Amino acid sequence: YQEVIADPQFWMAFANTILFMVITVPIRVTLALILALAPGADAYPVPFTELSSGTQAPAALPSGAYVLRSQADLGRYGLEALVPPGRIDWSQELMVALACDTKPTHGYSIEVASARRTSYQGRPVILVRYGEVAPQPGVPLAAAQTRPYQLVKLRRGGELVLEPVDPAGTSPQPSPA
């Protein structure tokens, strides 16, 4: 130890280490705090499972996005045939039903883009983003009237907010469900 303490290279390395620590630690802590407090930093994904999707939504399901919380809701929208009994545990899960207006060709769909737990207007919510997907331009499609739909389930756990997203990725004002 006496040789190390007497060695000038040891003291140079020790000074460099202290200088490195004094400079980098505050910068890293500051950046970590900025990222932790950034908007959306409190958001984390909520898993969801597709139960059904297709090109012909049931007639009782209007165009739009709906939250179903019970077997009675499933019947109200004519979805019993699409979701067999036992696929949803209504005490633990709920369902989001999406449907488009009538489209002139195949190739359209509507789908949940993401579901995440976050805060919305100061309260904790599950934000579900969804949108219509149009066919690629120039792709030949069969001319047939379709009405795309999607049904997904997710675990209960707070208020749901449904947010439509247009193909450009922007969203109008979300609506609590």
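All values derive from a computational prediction rather than experimental measurement.
For the residue pair Phe48 and Ala115, the shortest heavy atom distance occurs at CD2-CB, 3.9 Å. Of all non-hydrogen atoms in Leu79 and Ala97, the two that sit nearest each other are CD1-CB, 4.2 Å. Nearest heavy atom pair, residue Leu160 against residue Leu94, reads CD2-CD1, 3.7 Å. Considering every non-hydrogen atom in both Leu98 and Val96, the closest pair reads CD2-CG1, 3.8 Å. Scanning all heavy atoms of the two residues, the minimum distance from Val46 to Arg117 falls at CG2-N, 3.5 Å. Contact between Ala99 and Pro62 at its shortest, heavy atoms only, is CB-O, 3.6 Å.
A distance-only check finds a donor-acceptor pair linking the side chain of Lys153 to the backbone of Arg87 [under 3.5 Å]. Within the 3.5 Å criterion, the main-chain N or O of Val112 finds a donor-acceptor partner in the side chain of Gln150. A side-chain donor-acceptor contact under 3.5 Å links Thr146 to the backbone of Thr105. A donor-acceptor distance shorter than 3.5 angstrom exists from the side chain of Arg156 to the backbone of Trp90, with no hydrogens or angles considered.
Taking OG of Ser70 as the reference point, atom CZ of Arg76 lies at 6.5 Å (rounded to 0.5 Å). Taken from CD in Glu93 to CZ in Arg155, the straight-line distance is 6.0 Å, to the nearest 0.5 Å. Here the CD-CG distance, from Gln136 to Leu141, works out to 10.0 Å after rounding to the nearest 0.5 Å. How far OG1 of Thr55 is from CD1 of Ile110: 13.5 Å, rounded to the nearest 0.5 Å.
Counting heavy-atom neighbours within 6.0 Å of Gln145 CD, excluding the residue itself, gives a total of 12 or less.
The closest side-chain heavy-atom distance from Cys100 to Tyr149 is not below 4.5 Å. For the pair Leu154/Thr49, no side-chain contact is recorded, criterion being any heavy-atom separation below 4.5 Å from C-beta on. Contact of the Ile88 side chain with the Leu51 side chain is registered, since non-hydrogen atoms from C-beta on lie closer than 4.5 Å. Between Pro148 and Glu111, the closest side-chain pair of non-hydrogen atoms is not below 4.5 Å. Side-chain contact between Val161 and Ile126 is absent, with no heavy-atom pair separated by less than 4.5 Å.
Ring geometry for Phe10 against Phe14 counts as parallel: the plane angle stays under 30°, on a 0 to 90° scale with 60° as the upper cut.
Taken together through direct or relayed side-chain contacts under 4.5 Å among Ile, Leu, Val, Met, Phe, Trp and Tyr, Val29 and Met21 form part of one hydrophobic cluster. By the rule that hydrophobic residues join a cluster once side-chain heavy atoms approach within less than 4.5 Å of another member, Phe20 and Val25 end up as members of separate clusters. Cluster annotation: Met12 and Val4 are assigned to distinct hydrophobic clusters (Ile/Leu/Val/Met/Phe/Trp/Tyr, side-chain heavy-atom contacts under 4.5 Å, transitive).
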(request) Give the C-alpha distance, both sets of side-chain angles, the deciding distance and a yes or no for side chain to side chain contact (heavy atoms under 4.5 Å, CB included) between Ile5 and Trp11. (result) CA-CA 8 Å; Ile5 291 175; Trp11 290 109; 4.0 Å; yes

